[in-house]
Amino acid sequence: MSSEPAPLGPVLGDAEFDFIRHVVGENAGIVLGPNKRQLVQGRLARRLRELGLPSYEAYCAHVRESGPEELVGLINALTTNVTSFFRENHHFEALASYMIPEAMKRNQVSRRLRIWSAGCSSGEEPYCIAMVATEALPAGVRWDTKILATDIDSDMIAYGQRGVYPVDRLSSVPAERLRRCFRKGIGANAGHALVQPDIARLITFRTLNLMQNWPMSGPFDVIFCRNVMIYFDQATRERIVSRFASLLAPGGYLCLGHSESIHAGSAPFRLVGKTIYRKQGNEALKN
C-alpha cells in the first residue's frame, strides 16, 4: 500500500491542462509552458470553488459551454498583477525630463498630449503618469491631456477606476505628491487614500485584450507596456510592437519592462535609455 498522501482537492490532468493552455494562448497570447501546471492548478482552484465544480474536467466543459463569459474569468484568474507606485522609476523621470517636453514642442499648436498605459493592472502606473504630467505641463496653460489605461483583467480595471488604495501601498510616493494627489479616506475608506479628482479625470480605464482589435486611433506621444510581453511568444511580441509603432507619433516613446527588449535594429525603434525606445521618423530626426 502506498504511503503517499492523497492530493488535496481536484488534480489538473494532462488533457485539461493542454486545453487551458490552448484557450489562453489563442485568446490572450499567454504562453504557458509545461512547468506552469502547478501554477495553473493553484490559480484555478479558487475558480472551481466559486463555481461549485468538482473537477478541472467539469471546469473545462464549463469554459466550452459558457464561451466569452467564462473566458474572462479564466484569464482574470491566470494573469499576474504585480505593480506599485513609481515602479521602475527611471521611466517616470524620463517622462518628466524629456518625453513630455518633446511632446509639448511637437504638439505646440494642438496642445494635445496622449499617453497609453497598456497592461495597467490595478491602476498605479496610469496614476503615476498623471501625477508626472500635471507637474510637467506649464501652469496656467490649458493642455488637452488624456491617459488611456487598459488591461485584460476586468477586475483590475474596476479596482483602478475606484482610485482607492491602502495607505501602505503609497510608501513609494514622494511626500509632496502624496499631499497634492491624494486625500485621506474616512468612514468605509479609513486606512486608505483616494486619488484626487484632478488626477483621476485625466485617465480613462478600459478592458482591452492586446490580442484583439484596438479601438483607439492615436497618435500617442508615449506608450507604457511594462512586464506584459513576457507572457507572449516572440512572434506575438513582434506583432504587438509593430502595432504600437503604428499608433505612436514620430518621436514618440515606448517603455518596456525591466526584462523586456526589442531586437536591435527593429524598425522604427531606437533604444535611447534603459528599456526606453524612440520611434524614428522625419519629425523625430529634427528634434
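What you see is a predicted model, and the numbers here were worked out from it, not measured in a lab.
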Check whether any side-chain N or O of D151 sits under 3.5 Å from a backbone N or O of S121 as a donor-acceptor pair, and report yes or no.
-> yes
Answer yes or no: is there an ion pair linking R47 with E70, defined by an N-O contact shorter than 4.0 Å?
-> yes
K279 side chain vs G252 backbone, donor-acceptor pair below 3.5 Å = no
CZ (R112) and CZ (R106) are apart, to the nearest 0.5 Å, by 10.5 Å
T145/R114 under side chain to side chain donor-acceptor pair (under 3.5 Å): CA gap, chis, key distance, verdict = CA-CA 6 Å; T145 303; R114 295 290 185 271; over 6 Å; no
cation_pi(R243, W214) dist<6.0 Å, angle<=45 = yes
Hey, could you give me the CG/CG distance between D221 and L113, rounded to the nearest 0.5 Å?
-> 5.0 Å
Side-chain (Q280) to main-chain (R278) donor-acceptor, under 3.5 angstrom | yes
Are any of the side-chain heavy atoms of I20 and L74 separated by less than 4.5 Å?
-> yes
Please report the shortest heavy-atom distance between P10 and P54, naming the atom on each side.
-> CG-O, 3.4 Å
Y98 to I276 - nearest heavy-atom pair and separation | OH-CD1, 3.6 Å
Which heavy atom in S154 sits nearest to a heavy atom in V72, and how many Å separate them?
-> OG-CG1, 3.5 Å
Which residues share a ring-ring contact (aromatic ring centres under 6.0 Å, His included) with Y159, sequence neighbours left out | Y165
Point-to-point distance, once rounded to the nearest 0.5 Å, from CD1 of I100 to CH2 of W143 | 10.0 Å
Intermediate values then yes/no, side chain to side chain contact (heavy atoms under 4.5 Å, CB included), V31 and Y231 = CA-CA 6 Å; V31 178; Y231 297 106; over 6 Å; no
Smallest heavy-atom separation, P138 atom then M104 atom, equals CD-CE, 3.3 Å
Apply the test side chain to side chain contact (heavy atoms under 4.5 Å, CB included) to residues R64 and C60: give CA-CA distance (whole Å), side-chain angles for both, the deciding distance (0.1 Å), then the verdict.
-> CA-CA 6 Å; R64 293 186 184 95; C60 290; 3.8 Å; yes
Hey, does V241 have a side-chain heavy atom less than 4.5 Å from the side chain of F269?
-> yes
Any L32 side-chain heavy atom under 4.5 Å of V24 side chain = yes
Does any non-hydrogen side-chain atom of N107 lie less than 4.5 Å from one of D144?
-> no
Between R226 and T83, do the side chains contain an N or O donor and an N or O acceptor separated by less than 3.5 Å?
-> no
To the nearest 0.5 angstrom, please state how far the CD1 atom of I75 sits from the CG atom of L78.
-> 8.0 Å
Taking atom OH of Y253 and atom OH of Y277, what is their separation to the nearest 0.5 Å?
-> 14.0 Å
Donor-acceptor pair, S97 side chain versus E93 backbone, under 3.5 Å?
-> yes
Expected output: side-chain S55 to main-chain A58 donor-acceptor under 3.5 Å = yes
Heavy-atom donor-acceptor pair, T236 side chain to F232 backbone, under 3.5 Å = no
Does Q41 reach the side chain of Y56, with side-chain heavy atoms less than 4.5 Å apart?
-> yes
Can you tell me if N209 uses its side chain to pair, donor with acceptor, with the backbone of N27 under 3.5 Å?
-> yes
Going through the distances and angles, do E102 and K105 end up as a salt bridge (Lys or Arg N to Asp or Glu O under 4.0 Å)?
-> CA-CA 5 Å; E102 287 180 15; K105 179 181 177 182; over 6 Å; no
Check step by step if side chain to side chain donor-acceptor pair (under 3.5 Å) holds for E124 and S122.
-> CA-CA 6 Å; E124 288 89 340; S122 47; 2.6 Å; yes
Given the rule that I, L, V, M, F, W and Y join up when any side-chain heavy atoms are under 4.5 Å apart, are V167 and M131 in one cluster?
-> no
For residues R237 and I230, report the shortest heavy-atom separation together with the two atoms involved.
-> NH2-O, 3.7 Å
Distance-only check: which donor-acceptor pairs under 3.5 Å involve side-chain atoms of residues 189-208, not counting sequence neighbours?
unit_1, atom_1, unit_2, atom_2, d
H192, ND1, A190, O, 3.2

Measure from the side-chain N and O atoms of H90 to the backbone N and O of K274, and report whether any donor-acceptor pair falls under 3.5 Å.
-> yes
Connected via hydrophobic side-chain network under 4.5 Å: F182 and I147 | yes
If you round to the nearest 0.5 Å, how far is CD of E135 from CZ of F92?
-> 12.0 Å
Checking E260 side chain against N227 main chain: does a donor-acceptor pair fall under 3.5 Å?
-> yes
Is the closest side-chain heavy-atom distance between I152 and L210 below 4.5 Å?
-> no
Considering residues, nucleotides and ligands other than E50, do more than 12 of their heavy atoms fall under 6.0 Å from its CD?
-> yes
Give the cluster check for M211 versus L148: same hydrophobic cluster or not, with ILVMFWY residues linked at side-chain heavy-atom distances below 4.5 Å.
-> no
Indicate the atoms forming the closest heavy-atom contact of I157 with C120, along with that distance.
-> CD1-SG, 3.7 Å
May I ask you to check if R239 and F244 form a cation-pi contact, with NZ or CZ under 6.0 angstrom from the six-membered ring centre and within 45° of the axis?
-> no
Validation row: M99, C255 side chains within 4.5 angstrom (heavy atoms) = yes
L256 vs F224 side-chain heavy atoms within contact, under 4.5 Å | no
Do side-chain atoms of T150 reach the backbone of A118 as a donor and acceptor pair under 3.5 angstrom?
-> no
